[in-house]
Amino acid sequence: MQLPAPRGPLTDRLFAELSRPPHAFGPPPADAYGVEEDSQLALFVCYELHYQGFDGVDDRWEWNPAVLALRERLERWFERWLARRVPRPPAPPPQEVPRALAALVAADDGPSLSAYLRGRADARRFREFVIHRSIYQLKEADPHTWGIPRLLGRPKAALVEIQSDEYGGGRPERMHAELFRATMRGLGLDDSYGAYLGSAPGVTLAISNVMSLFGLHRRRRGALLGHLAAFEMTSSLPNRRYSQGLRRLGGDAGARRYYDEHVQADAVHEQIAAHDLCGAFAAEHPGLTGDILYGAACALTLDRLFAEHLLGRWREGRTSLWEADAEVTTR
Ligand SMILES: [Fe+2]
Ligand SMILES: [Fe+2]
C-alpha cells in the first residue's frame with residue numbers, strides 16, 4: 001500500500017518523516033490537531049503501521065517513540081471527537097448486558113443505507129459504497145483479533161470462534177476479506193489492499209480508527225467487545241439487502257457471496273457475541289459493563305454518521321468519496 005496524498009499539516013509532516021529512515025522528531029504543535037480529514041488520516045496511518053504497513057516506509061517506524069507520541073495526541077483528540085458524538089449509555093448489571101446491547105441496537109434510528117442500496121442506488125453509487133467499505137473489509141476482523149490475548153476462558157473461546165469464521169476456518173478462499181475482494185473484482189474495482197485509501201473520507205477512516213483504538217489498548221477491551229457485538233448484531237439484515245441490490249445491478253453469485261455469507265454467519269455471530277463473549281466477559285468484569293455498551297454505541301453512531309454522509313452527498317448529486325477540494329473542518 002502506498003502512502004496517500006496528505007490532507008493538511010499533520011499528514012504533510014508525518015508522511016515526510018515516514019518516507020525517511022526511522023529517527024526522532026518532535027510532535028506537531030497542539031493547534032495542529034483537530035482538522036478532521038487531516039487528523040483521521042494521520043491516525044489511520046499511525047495505526048496501519050501495526051497492520052500491513054506502507055511501501056517505502058521502514059517497518060521499524062511501528063514502535064518509534066516519535067510516532068507513538070504523535071499517535072497518543074491524535075488518540076486524545078479522537079477520544080474527545082467520540083465523546084462529543086456518542087452519549088455514554090448507563091452501565092447495566094452484568095447479567096443484563098446481552099439485553100442492553102439488544103435494546104441499544106433496537107433503538108438505533110439512523111437512515112437506512114442498505115434500503116437505498118437495495119432498491120435505488122445505481123452501479124456508480126454501489127461501487128462508491130464498496131470503495132468505502134474496502135478500507136475495513138480488506139482487513140476484516142483484524143482489529144478485533146487484538147482482543148484475543150487480552151481475554152481468558154469463555155469470552156476468549158467465543159472471540160476465537162467468531163474470528164475463525166471471519167478468517168475462513170482454515171480455508172483462505174472463504175476468508176471474509178477474500179470474499180470481499182471477489183465483490184470488488186465483480187464491480188471492476190482494484191481489489192488490492194489499501195488501493196482506495198486516498199479516496200476514503202474521514203468518516204470512513206473513523207470507522208476503522210475506532211476499532212484500532214479499542215483493539216490496541218488493553219484498558220479498552222470492554223469497548224472492543226461491545227463494538228464487535230454491535231457490528232454482528234446489525235449485520236445480517238443489511239447484508240441481505242446489499243446482496244439484493246447487487247443482484248438488481250447484475251452482480252453474479254461470486255460478487256454477492258460476501259454479502260450472502262454474512263446473512264447466515266452473522267445471525268450466528270450475533271448470538272455468540274452478545275451472550276458468550278460480552279455476557280461472559282461482563283460476569284467476570286462487572287465494572288466494565290458500561291465500557292461494553294459504550295463500544296457498541298460507538299459502532300452504531302459511526303455507522304449512522306457514515307450512512308448520513310453517503311446519503312447526504314448522493315442527495316446533492318455529489319460523490320461521497322474524498323475530494324481534496326471538499327475539506328470540512330470540524331474540531
Ligand atoms: Fe465477516
Ligand atoms: Fe461476523
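Order of appearance sets the numbers: ligands from 1, and atoms from 1 within every ligand.
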Of all N, O or S atoms in E140, which has the smallest distance to the Fe ion (ligand 1)?
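It is OE2, the N, O or S atom of E140 closest to the Fe ion (ligand 1).
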Charged N-O contact under 4.0 Å between K139 and E48:
yes
Flag the pair R174 and E261 as a salt bridge only when some basic side-chain nitrogen lies within less than 4.0 angstrom of an acidic carboxylate oxygen.
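Salt bridge: yes.
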Are Y259 and L237 joined in one hydrophobic group, where the rule is that I, L, V, M, F, W and Y side chains link up if heavy atoms are under 4.5 Å apart?
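Y259 and L237: separate clusters.
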Provide the tally of protein N/O/S atoms nearer than 2.8 Å to the Fe ion (ligand 2).
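If we list every protein N, O or S atom nearer than 2.8 Å to the Fe ion (ligand 2), we get 5.
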Atom CD in Q244, atom CZ in R240: separation rounded to 0.5 Å?
7.0 Å
Pairs of donor and acceptor atoms involving the side chains of residues 285-308, under 3.5 Å and at least two apart or interchain, shall be tabulated with distances.
from	atom 1	to	atom 2	distance (Å)
T289	OG1	P92	O	2.7
D291	OD1	R88	NH2	2.5
T301	OG1	A297	O	3.0
D303	OD1	R133	NH2	3.3
R304	NH1	E308	OE2	3.0

So, is the end of the R85 side chain (NZ or CZ) under 6.0 Å from the ring centre of W81 and within 45° of the ring's axis?
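Yes.
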